[in-house]
Amino acid sequence: MADLIVKSAVKEALDDYNVAADFYEALDDEVTELLDEADQRAEANDRRTVQPRDL
C-alpha cells in the first residue's frame, strides 16, 4: 500500500518535537491497520461506504 501520511504535516503537528525517521513508517502501519479494521466493519454491516463509526 502507498504511504498514507504526509511527512510534512506530521512534522508540523509535532513542531515542538524531533521526529525519528522510522516514526513515519510506524505511523503509516498504524493508519493502514485502522483503515483495514474500518473496511471490515463496513463490510460486516453490508455497507460499501466506510463511515466515522467504523473507526
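No hydrogens, no waters, no symmetry mates; every other heavy atom, side chains included, goes into these values. Just so you know, residue 1 is the first one in the sequence shown, and it goes up from there.
- With sequence neighbours excluded, the residues that form a side-chain contact (heavy atoms from CB on, under 4.5 Å) with R53 are R47, Q51.
- D28 contributes a side-chain N or O that, together with a main-chain N or O of L4, makes up a donor-acceptor pair within less than 3.5 Å.
- Applying the 6.0 Å contact sphere to NZ of K7 captures no more than 12 heavy atoms from other residues, nucleotides or ligands.
- The list of side chain to side chain donor-acceptor pair (under 3.5 Å) pairs with a residue in residues 15-27, not counting sequence neighbours, is empty.
- Cluster membership check: V31 shares its hydrophobic cluster with L14, using side-chain heavy-atom separations under 4.5 Å among Ile, Leu, Val, Met, Phe, Trp and Tyr.
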Could you go through residues 38-46 and list every donor-acceptor pair under 3.5 Å that involves a side-chain atom there, pairing it with any protein atom two or more places apart or in another chain?
unit_1: R41; atom_1: NH1; unit_2: D54; atom_2: O; d: 2.3
unit_1: N45; atom_1: ND2; unit_2: R41; atom_2: O; d: 2.8

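- Here the straight-line distance linking atom CG of D3 with atom CG of L27 works out to 10.5 Å at 0.5 Å rounding.
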